[in-house]
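Below is one structure, written out as structure tokens; comments come after it.
Just so we're on the same page: letters track the sequence lines, and every chain starts at 1.
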Amino acid sequence: MDEKYFAEKIEEKWQKKWAESGAFETEIDDTKPKFYQLEMLPYPSGNLHMGHVRNYSIGDALAWYKRLKGFNVLHPIGWDSFGQPAEDAAIKRGVNPRDWTEANIEYMRGQLQRLGLSYDWRREIFAHRPDYYKFDQWFFLKMLEMGLAYKRATQVNWCPVDQTTLSNEQASGGICWRCGSQVTKKDLEQWFFKITNYADQLLDDMAEIETGWAEKVLKRQRDWIGRSEGAFIDFALKNSGEKVRVFTTRVDTIFGANAIVLAAEHPIIEAHLADFSNETCATIEKIKADKLKVVDREDEQEKEGIPTSLTAINPFSGEEIPVWVGNYVMMEYGTGAVMSVPAHDERDFEFAKKYDLPLKTVIEPQRHRDTEDLEDEDESEIHSPQSAMTEYGVLINSGEWSGKSSEDATREMASFSQEKGFGEPAVTYRLRDWGVSRQRFWGAPIPVIYCDECGVVPVPYEQLPVELPESAPFTGVGESPLARVEEFINTTCPQCGVKARRETDTMDTFVDSCWYYFRYTDPKDAEMPFAPEVAAYWMPVDQYIGGDDHAVMHLIYTRFWTKVMRDLGLVKFDEPVNRLLTQGMVIGETFFNDSSGKRVYFPSSTVKVERDANGKIVSATDTEGKSLKYAVERMSKSKGNGVDPDEMVRIYGADAARLFVLFAAPAENELVWNEAGIEGAVRFLQRVYRFVWRWHAQLKNAPKDEPSEFSAQARKLRRKTHQTIKRITENFESLQFNTPVAALMELSNELGDFKVEPDEANECDLYAINEAVRGLVLMLTPFAPHAAEELFANLVGSDKGILKSEARFPEFREELAKADEIEIPIQINGKLRSRVLAALDTPREDLETMTLANEKVKEFINGRQIVKIIVVPNRLVNIVIKN
RNA sequence: GCCCUCGUAAUCCAAUCGGCAGAGAUAGCAGACUUAAAAUCUGUAGAGUGUGGGUUCGAAUCCCACCGGGGGCACCA
């Protein structure tokens, strides 16, 4: 053992030892409970950032904790290595996406290893390699067989100059990222997965994971799915056999309908275009054209519409109402048609106001009869209301339904419509089917073949994987790059053998991340995505950790995928993740100049910053003295506020960096990066190291058996030790990582206060100190594993390693953690006036007696009347007196 | 506009069931060690919990309103 703590030396030593001994390699073991610790896998962008460090430090701490608790822990990592940046690099710099990706992985794996993360590297997966994406394709074919994959036309962002499709990011602001021209929309045939078939399961099964997932994540998923109960109602068109079906959640307001409003794309509109006036047709065209524009969704679009020549008949009232076209009705939701009830719907109200449409109140607030003075207000409301009354209430002006409550009417009118054959109760969802086609090269090819004779033919399983060619023309313009690779597209039909063409689109990369953690359980299987019996041992994931930016997309898709796998018979459960921790972002100060309208960022190293006494920025200037604006934003290279993890490791060591990241803030909070604090982490590790250095020789002679007598000082230390064990164990179970670090620091400080020199220590001192130090080191392991290994090795005199030595997380003993005597505060009328010392668990009556005997208390009471005495054992006594 | 969250010391953060506002860290100040500095050690100060109400014997904690930060949704009928 060196006298001083050299992080780099220790970290290299133990990383090597772990790799040699396979310390973190796991296999199925029925003698131990299993624990599957999972963190979201990184995209190999080229560099690890602090967000990764945070995510993986949390996961690693839990993995270590569970190992020390005797669990068989699966802790794997891999690469989400398909995706656009690889292709962008190919377009911009002419590099091959595969080479670029492999090189990035190589580099980033080194970064992860230098952090000393305890992964089973044998299980590493790579989404971009054929042995992995083979099964993306396998699943696609299964979905096709199950009727869950289908093709239809849909709109994509399209750059008319580059002749290429754009992702939403590439089309942000409605401008092409490459050429700056106006982005339009284009119809394309695309593949979809029928996630909507599982909408109700995705909602209902939330009950199974409620306790382990943050409510805010579930809420976002619920909103995303957007289940809405209501009714379909058919409005017959006058002088025609046709009907228009609307969806409404408020059938109870149907007597107030003043119009039917249709989406511009509605089939009825298409069918009657010839009957409409030129003006109507022009407006319809305009609405359609506006929808093709990519708009920033900041400002709300103004409502626009025009009456058609059609008239609909309200099936409840028989009233004839006009049919309009409106830009605020979406073809994609419900039936693409709504009944407009301006008195009771905000949007319809706005629309009616603009076009001066009649407004009929059919719901009145439920009021008590004795509110006569509200009468005046009511009157004016009826004549010209300022807004729609959207609350539930009592029906009026609704024929035989008048007088019913909204709740009753909504239910009864829906069934009535069903009985009479002009409607039915209905449920709609906001959730849409998942479009998986991408006009990209760097993704898994969709395994279908188009044959002139046979149509769409799935690639036979034995021909999987459909491999990506080595390269493709990456011009960034034109259709999918694969469409220009002759040897890829030209094939023969598996059914009839004639010449045929392959699908040239690739799959959304969210497909890869839907099932990667199932693959970890059985990463080398060549026949199946994974063996069901192997997955059955490890799955479901016990703890998943990642950013909450994935609260909807990834986490809904993967829940969907699991249910599909269940229906395929691959797994036997509904939900893949028992517990989810969403960690907060790592953010930092940014400096920029936005005079050009766009933010131009300056790396903080080139900015001169003035701060006030509180550390708040007063001014920031660039090297030329020009003043800059500043903000606190998500860390990224492009914003110049990134912190390089390698540099952190080089300067402070991986242990200190990890310890600090966990200590700085609760895992779910945002973490404002502030380099200053990390020194404290280094200092703490050094203090612990110095203590062990000073004592390790003597501690080898510490008694193995617990002495029967302890000095007061030793008892105090043992109490602290066991209290700390208790606290830290609880903290881990409740996913707190900042407070246990503080607890370790306290225990370390307590050791520092132990005023005995090593060569003067007696048996019981040695026992107590050994117990405290060993506990401290083992509890430190999840946060700073290299330092802990080194310290542990010197305490036990063996380099075998903590795990191979079968060391366990210390267990606390309640009787040792308890204080013998505690100070009970005494309040008089809620104000602190005195304290008494009492034995732990002193009963109520005794505390009361002791309090009343207290001199100060007597003084305060001074003969005044005691109204009440509140005694909370072990907490406080409060005496209420009358003045 | 609607919904969700968070506001505690100069800063990051603690505070169990509503029970003494402070565990830990950073920065500060004083001292020891040193030729000096760094490092280290010892000691020390600092908020009444965003604001205003309410419930309670007692509120950082529960309720209401407002202010401020962060996030989500935004024509979903």
Next item on the list: Figure out the CG/P separation between A/Leu662 and B/A14, and round it to whole Å.
Entry: 13 Å

Next item on the list: Using Watson-Crick or G-U wobble geometry with both distances below 3.5 Å, tell me the partner of B/U56, or none.
Entry: none

Check: Contact class for A/Phe663 vs. all strands (heavy atom < 4.0 Å): base, sugar-phosphate, or nothing?
Finding: base

Item checked: Whole angstrom value for the distance that separates P of B/C57 from CZ of A/Arg833 -> 19 Å

Note to self: Give me the distance, rounded to whole Å, that separates B/A59 from B/G52 when you measure between the P atoms they each carry.
What the structure shows: 15 Å

Item checked: Sugar-phosphate, base or nothing in reach of A/Arg222, heavy atoms under 4.0 Å -> nothing

Next item on the list: Once you apply the 3.5 Å cut-off to both distances, tell me the Watson-Crick or G-U wobble partner of B/A30, or none.
Entry: B/U42

Item checked: Nearest-Å distance once atom C1' is located in both B/C64 and B/G24 -> 35 Å

Check: When you compare B/U55 with B/C13, how far apart are their C1' atoms, in angstrom units rounded to a whole number?
Finding: 30 Å

Checklist line | Nearest-Å distance for atom pair CH2/P, residues A/Trp224 and B/C3 | finding: 21 Å

Next item on the list: Would you mind reading off the distance between A/Arg220 atom CZ and B/G72 atom C1', rounded to a whole angstrom?
Entry: 6 Å

Notebook entry, point to check: Do A/Asn874 and A/Asp841 have side-chain N/O donor and acceptor atoms under 3.5 Å apart?
Noted result: yes

Checklist line | Lys/Arg N to Asp/Glu carboxylate O, A/Lys354 vs A/Glu304, below 4.0 Å | finding: no

Margin query: Suppose we call a contact any N or O donor and acceptor under 3.5 Å apart; does that hold for the side chain of A/Lys219 and the base of B/C3?
Written below: no

Item checked: Pairwise P distance for B/A25 and B/A36, with rounding to whole Å -> 28 Å

Next item on the list: Provide the distance between the two P atoms, one in B/G72 and one in B/C29, to the nearest whole Å.
Entry: 41 Å

Note to self: Between A/Lys216 and B/U5, is there a contact of a side-chain N or O with OP1 or OP2 at under 4.0 Å?
What the structure shows: no

Item checked: Atom pair distance, as rounded to whole Å: CD in A/Glu670 and C1' in B/G70 -> 6 Å

Check: With both distances under 3.5 Å as the test, what is the Watson-Crick or G-U wobble partner of B/C66?
Finding: B/G50

Notebook entry, point to check: Among B/A15, B/U40, B/C75, which nucleotide sits nearest the side chain of A/Gln736?
Noted result: B/A15

Notebook entry, point to check: Which nucleotide in the list B/C13, B/A25, B/C75 gets nearest to the side chain of A/Met745?
Noted result: B/A25

Checklist line | Closest nucleotide among B/G24, B/C13, B/U16 to the A/Ala742 side chain | finding: B/G24

Check: Quick one: which of B/C13, B/U40, B/G19 gets closest to the side chain of A/Pro666?
Finding: B/C13

Note to self: Among B/C73, B/G24, B/A14, which nucleotide has an atom closest to any side-chain atom of A/Arg430?
What the structure shows: B/C73

Item checked: Minimum-distance nucleotide to A/Arg875 side chain [options: B/U16, B/U40, B/G70] -> B/U16

Check: Taking for each residue the nucleotide of RNA chain B with the nearest heavy atom, is it A/Gly336 or A/Asp548 whose nucleotide lies nearer the 5' end?
Finding: A/Asp548

Note to self: By nearest atom, which of the nucleotides B/G19, B/C41, B/C75 is closest to the A/Val872 side chain?
What the structure shows: B/G19

Margin query: Given B/A14, B/A25, B/A77, identify the nucleotide with an atom nearest to the side chain of A/Thr739.
Written below: B/A14

Note to self: Rounding to an integer number of Å, can you tell me how far A/Leu685 CG sits from B/U40 P?
What the structure shows: 13 Å

Check: For atom P, what is the distance between B/A21 and B/U16, given to the nearest Å?
Finding: 13 Å

Notebook entry, point to check: Taking the six-membered ring for Trp, are A/Trp224 and A/Tyr429 ring centroids under 6.0 Å apart?
Noted result: no

Note to self: Could you walk me through whether A/Arg430 and A/Glu332 satisfy the salt bridge (charged side-chain N to carboxylate O under 4.0 Å, His left out) test, starting with their C-alpha distance in whole Å, then the side-chain angles of each, then the deciding distance to 0.1 Å, before giving a yes or no?
What the structure shows: CA-CA 9 Å; A/Arg430 205 192 86 109; A/Glu332 304 82 48; over 6 Å; no

Checklist line | Under 3.5 Å on both distances, the Watson-Crick or G-U partner of B/C73 | finding: B/G1

Checklist line | Proximity of A/Phe732 and A/Phe783 rings by center, below 6.0 Å | finding: yes

Notebook entry, point to check: Does a side-chain N-to-carboxylate-O contact under 4.0 Å join A/Asp2 and A/Lys4?
Noted result: no

Notebook entry, point to check: A/Asn874 has an atom CG; how far is it from atom P of B/U16, in whole Å?
Noted result: 16 Å

Notebook entry, point to check: How far does the C1' atom of B/G58 sit from the matching atom of B/C3, given to the nearest Å?
Noted result: 34 Å

Check: Rounded to whole angstroms, how far apart are CD on A/Glu332 and P on B/A77?
Finding: 14 Å

Notebook entry, point to check: Can you find a side chain N or O atom of A/Arg683 that sits less than 4.0 Å from OP1 or OP2 on B/A38?
Noted result: no

Check: With the threshold set at 4.0 Å, does a side-chain nitrogen-carboxylate oxygen contact exist between A/Arg245 and A/Glu424?
Finding: yes

Next item on the list: Using the closest heavy atom to pick a nucleotide of RNA chain B for each, name whichever of A/Arg687 or A/Gly677 lands nearer the 5' end.
Entry: A/Gly677

Note to self: Classify A/Asn738 by what it touches in the nucleic acid, base, sugar-phosphate, or nothing, heavy-atom distance under 4.0 Å.
What the structure shows: sugar-phosphate

Margin query: Under 3.5 Å, is there a donor on one side chain and an acceptor on the other for A/Asn854 and A/Thr851?
Written below: no

Note to self: Applying a 4.0 Å non-hydrogen cut-off, can you work out what A/Val338 is touching in the nucleic acid: base, sugar-phosphate, or nothing?
What the structure shows: base

Notebook entry, point to check: Can you tell me how far P in B/U40 sits from the matching atom in B/A45, rounded to whole Å?
Noted result: 22 Å

Next item on the list: Give A/Val329 one of three labels, base, sugar-phosphate or nothing, depending on what nucleic acid heavy atoms sit under 4.0 Å from its own.
Entry: base

Next item on the list: Quick one: label A/Glu346 by what it contacts on the DNA or RNA (base, sugar-phosphate, nothing), any heavy atom closer than 4.0 Å.
Entry: nothing

Checklist line | Torsion-based syn/anti label for B/C20, 90° from 0 as limit | finding: anti

Next item on the list: May I ask which nucleotide in the shown strands pairs with B/G18, Watson-Crick or G-U wobble, both distances under 3.5 Å?
Entry: none

Notebook entry, point to check: Under the rule syn = chi within 90° of 0, otherwise anti, which is B/G18?
Noted result: anti

Note to self: Between A/Glu3 and A/Arg690, does any side-chain N to carboxylate O distance fall below 4.0 Å?
What the structure shows: no

Note to self: Taking 4.0 Å as the cut-off, does a side-chain nitrogen or oxygen of A/Ser228 come that near to OP1 or OP2 on B/A77?
What the structure shows: yes

Note to self: Heavy atoms only, 4.0 Å cut-off, all strands: where does A/Asn669 land among base, sugar-phosphate and nothing?
What the structure shows: sugar-phosphate

